[in-house]
Amino acid sequence: MPRLRRVVAALAVLGLASGPAWAAADRLVPLVAGWEQYFKLEWEPAERRGQPIVRGYVLNDWGMPAARMQLLVDTLDAGGNVVAQRVAWVGAGILMPGVRAYFEVPVAERSPGYRVSVFAFDWVQVGGDDRN
């Protein structure tokens, strides 16, 4: 039994040692590099019921439908540094080629600037035979 306690204690120490490194993780970045070649964004800061939001449209500018799209909204300080981030779903379901979808993302506070990017999405393959 003493050996088991030593193993558990060692694992606890390792967990504590790795905790701060995890807590100081780098900021989020889009999961698909080059998403700009597939989608176009237009957005603006706004307000809904007195709360700050970022609202706008995402356009599927590619030849395939996209689904499960998420946006990354960076809140920027006056120097352009990221001070907060928020990932939000675009509630459009499947975004067909050439179609745009409206979005609103609540943000924690008003800020001198924001940056919006496509964080993640899945391509939807249409047609073909999926029988084995």
Side-chain angles (χ1 to χ4, degrees):
M1 194 60 111
R3 182 175 181 205
L4 178 60
R5 284 189 202 145
R6 282 193 307 261
V7 170
V8 170
L11 290 174
V13 168
L14 288 173
L16 290 174
S18 65
W22 176 81
D26 290 334
R27 66 180 179 91
L28 296 172
V29 296
L31 297 179
V32 178
W35 63 266
E36 300 91 342
Q37 66 185 323
Y38 309 121
F39 304 102
K40 302 290 183 249
L41 286 168
E42 49 185 78
W43 54 269
E44 65 182 358
E47 213 176 85
R48 176 172 293 284
R49 296 186 192 117
Q51 298 302 311
I53 63 171
V54 173
R55 69 180 178 198
Y57 291 92
V58 58
L59 167 71
N60 182 348
D61 204 26
W62 198 246
M64 291 180 63
R68 292 177 288 284
M69 182 175 290
Q70 294 175 293
L71 299 177
L72 173 62
V73 177
D74 293 327
T75 301
L76 308 174
D77 65 13
N81 301 305
V82 176
V83 295
Q85 293 185 297
R86 172 101 193 243
V87 174
W89 292 96
V90 174
I94 295 177
L95 189 58
M96 299 303 288
V99 173
R100 67 184 194 156
Y102 181 76
F103 65 85
E104 286 187 4
V105 179
V107 291
E109 59 189 53
R110 286 173 185 78
S111 175
Y114 301 95
R115 178 174 49 228
V116 180
S117 54
V118 174
F119 179 69
F121 63 93
D122 292 326
W123 290 124
V124 177
Q125 306 239 348
V126 293
D129 188 355
D130 59 356
R131 293 178 286 169
N132 290 332

- Considering only heavy atoms from C-beta outward, does the side chain of Met69 approach that of Phe103 to under 4.5 Å? no
- Nearest heavy-atom contact between Val82 and Gln85 is CG1-CG, 3.7 Å
- Query: In terms of ring plane angle, is the pair Tyr57 and Tyr102 parallel, tilted or perpendicular, where the classes change at 30° and 60°?
  - Reply: perpendicular
- From CZ (Phe39) to OG (Ser117), nearest 0.5 Å: 12.0 Å
- Note on the structure: What one should report as the nearest heavy-atom pair of Tyr114 and Val107 is OH-CG2, 3.7 Å
- Ala78 and Pro112 have their tightest heavy-atom pair at N-CG, 3.6 Å
- Message: If hydrophobic clusters are built by linking Ile, Leu, Val, Met, Phe, Trp and Tyr wherever their side-chain heavy atoms come under 4.5 Å apart, do Trp89 and Val54 end up in the same one?
- Response: no
- Item | Shortest non-hydrogen contact from Ala67 toward Val124 | CB-CG2, 3.5 Å
- Query: Measuring from Trp35:CH2 to Lys40:NZ, what's the distance to the nearest 0.5 Å?
  - Reply: 8.5 Å
- Message: Please tell me whether Val29 and Val73 are part of a single hydrophobic cluster in this structure, the criterion being side-chain heavy atoms less than 4.5 Å apart.
- Response: no
- Note on the structure: Rounded to the nearest 0.5 angstrom, the CG-CG distance for Leu28 and Leu72 is 6.0 Å
- Rounded to the nearest 0.5 angstrom, the CE-CG distance for Met64 and Asp122 is 10.5 Å
- Task: Say whether Leu59 and Val90 are linked into one hydrophobic cluster, either directly or through other cluster members, by side-chain heavy-atom distances under 4.5 angstrom.
- Result: no
- Measure across Tyr38 and Phe121 and return the closest heavy-atom pair with its distance rounded to 0.1 Å. CD1-CZ, 4.0 Å
- Within a strict 4.5 Å, meaning less than it, do heavy atoms of the Pro106 and Arg48 side chains meet? no
- Supply the atom-to-atom distance Arg68 CZ to Leu95 CG, rounded to the nearest 0.5 angstrom. 13.0 Å
- Item | Check: Arg100 and Glu42 side chains under 4.5 Å, non-hydrogen atoms | yes
- Query: Taking all non-hydrogen atoms of both residues, which atom of Val118 and which atom of Val58 are closest, and how far apart?
  - Reply: CG2-CG2, 4.4 Å
- Message: Within this structure, what is the CZ-CD distance for the pair Arg55 and Glu47, rounded to the nearest 0.5 Å?
- Response: 10.0 Å
- Task: Would you mind reporting whether Val87 and Leu71 have side-chain heavy atoms less than 4.5 Å apart?
- Result: no
- Where the side chain of Thr75 meets the backbone of Val83, is there a donor-acceptor pair that is under 3.5 Å apart? no
